[in-house]
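Remember, it's 1-based here, ligands and their atoms both numbered in the order they're listed. By convention here, the first residue in the shown sequence is residue 1. All heavy atoms count here, side chains included; hydrogens, waters and symmetry mates do not.
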Amino acid sequence: MDIVDSLLRGDRRALAKAITLVENERPEGEEILREIHPHTGNAYIIGFTGSPGSGKSSLVDALVNQYRMDRLKVGVIAVDPTSPFTGGALLGDRIRMQKHTLDEGVFIRSMGTRGNLGGLARTTKNVARIIDAFGVDILLIETVGVGQSEIDIIKVADTSVLVLTPAGGDSVQAIKAGVMEIADVLVVNKSDLPNANRTRTELELALELDTKRDWRPLIVQTITFSGQGIEELKEAIDRHRNYLQQSGEFINMRRQRIRQEVMDNLEFLVKTSVWEKVIQMDNFEKNVDKILKKEKDPISFAKEVLAELGKTFN
Ligand SMILES: Nc1nc2c(ncn2[C@@H]2O[C@H](COP(=O)(O)OP(=O)(O)O)[C@@H](O)[C@H]2O)c(=O)[nH]1
Ligand SMILES: [Mg+2]
């Protein structure tokens, strides 16, 4: 496909177009994903999660600058499921990111809510793959919140960064919600505010109690206004990256994700093909009536349908 050739050659317009096709779940999008597959796997993916306003965008912005100083090519995906009107891009983010738009070494994409969050997790994964094939060294993904769906989005990341602040019992909530278990680096941003050190100590104590993991998450304090701690954050991410590579975790993780991905695709295909066949069955509605009148029960009918489908699948 032309569009694939162009994006592999570094054409940003082709990249943007390919992303839109994939986001809209068009058949061409599927073809693009198939063709780019051999060119993926080179980008190092870093996920950022945390409450709205904790400073994720500010940190991502600061890190983009850091990586650009090393002349690395950087991609950014901003996922904001809570923002249906702006398609995920808040005005502040746009202004903040505007200065990067002239930089050929930075590619930024915002994604808003489109259907359910499960769908968003799937498209984010695919969009990440296209930007990876385009040839970035580092891909930063920012998502709002710390719920299960956000965790699903962040599951594509090689290193996950959880952003907390000294205010509002953020750390206590994170500890309770178990989100610390998926975080590889913890950031106490807004460390210019009171209680930053106390927040750090709370987190340290919580980490000491968690002995399940080989990797002990690192804690970094940052102040985005002054740039304090940004280099340290980059180093913490690097350390986690080295740990993954040296322990063999990196390749394990990628294998595990491929397994999961095949299962997810399979589940999706089976579901849709079963559903297509089921709605074509002529006695389907009749049986629904029977269940309604208590002449039949839903479990037995589902089993009958399965037996019937078994014949057509063979
Ligand atoms: N005091 C303080 N405010 C910050 C810091 N970093 C970001 N902010 C402010 O926090 C607000 C939310 O930041 P933003 O990066 O948009 O957070 P996001 O919603 O997590 O992406 C903005 O008003 C920022 O200016 C910091 O280090 N200290
Ligand atoms: Mg943001």
Let me confirm one number: the CG-CD distance from N283 to E308, rounded to the nearest 0.5 Å.
7.5 Å

S191, any N or O under 3.5 Å of ligand 1 N or O
no

Within reach of ligand 1, part of N189 (heavy-atom separation under 4.0 Å):
side chain

Is ligand 1 under 4.0 Å from a heavy atom in the side chain of D192, in the backbone, in both, or in neither?
side chain

Tell me, please, whether F107 has R12 positioned over its six-membered ring: NZ or CZ under 6.0 Å from the ring centre and within 45 degrees of its axis?
no

Side-chain donor-acceptor pair under 3.5 Å between R109 and T124, yes or no?
no

Quick one: do E202 and R198 make a salt bridge, cutoff under 4.0 Å?
yes

What atoms in ligand 1 come closer than 4.0 Å to a heavy atom of [X]?
X	result
S57	15 (O), 18 (P), 21 (O)
S58	7 (C), 13 (O), 14 (P), 15 (O)
K56	15 (O), 17 (O), 18 (P), 19 (O), 20 (O), 21 (O)
I223	27 (O)

Under 30°, 30 to 60°, or over 60°: which ring-plane class applies to F284 and W275, parallel, tilted or perpendicular?
perpendicular

Same cluster for V274 and L306 if Ile/Leu/Val/Met/Phe/Trp/Tyr side chains link at under 4.5 Å?
no

Can you give me the OG-the Mg ion (ligand 2)-OE2 angle for S57 and E142, to 10°?
80°

Is the side chain of D137 donor-acceptor paired with the backbone N or O of K73 at a distance under 3.5 Å, no angle test?
yes

Could you check whether any heavy atom of G50 sits closer than 4.0 Å to an atom of ligand 1, since that is the contact criterion I want to use?
no

Option set P52, S51, G53, criterion heavy-atom distance to atom 12 (C) of ligand 1, minimum
G53

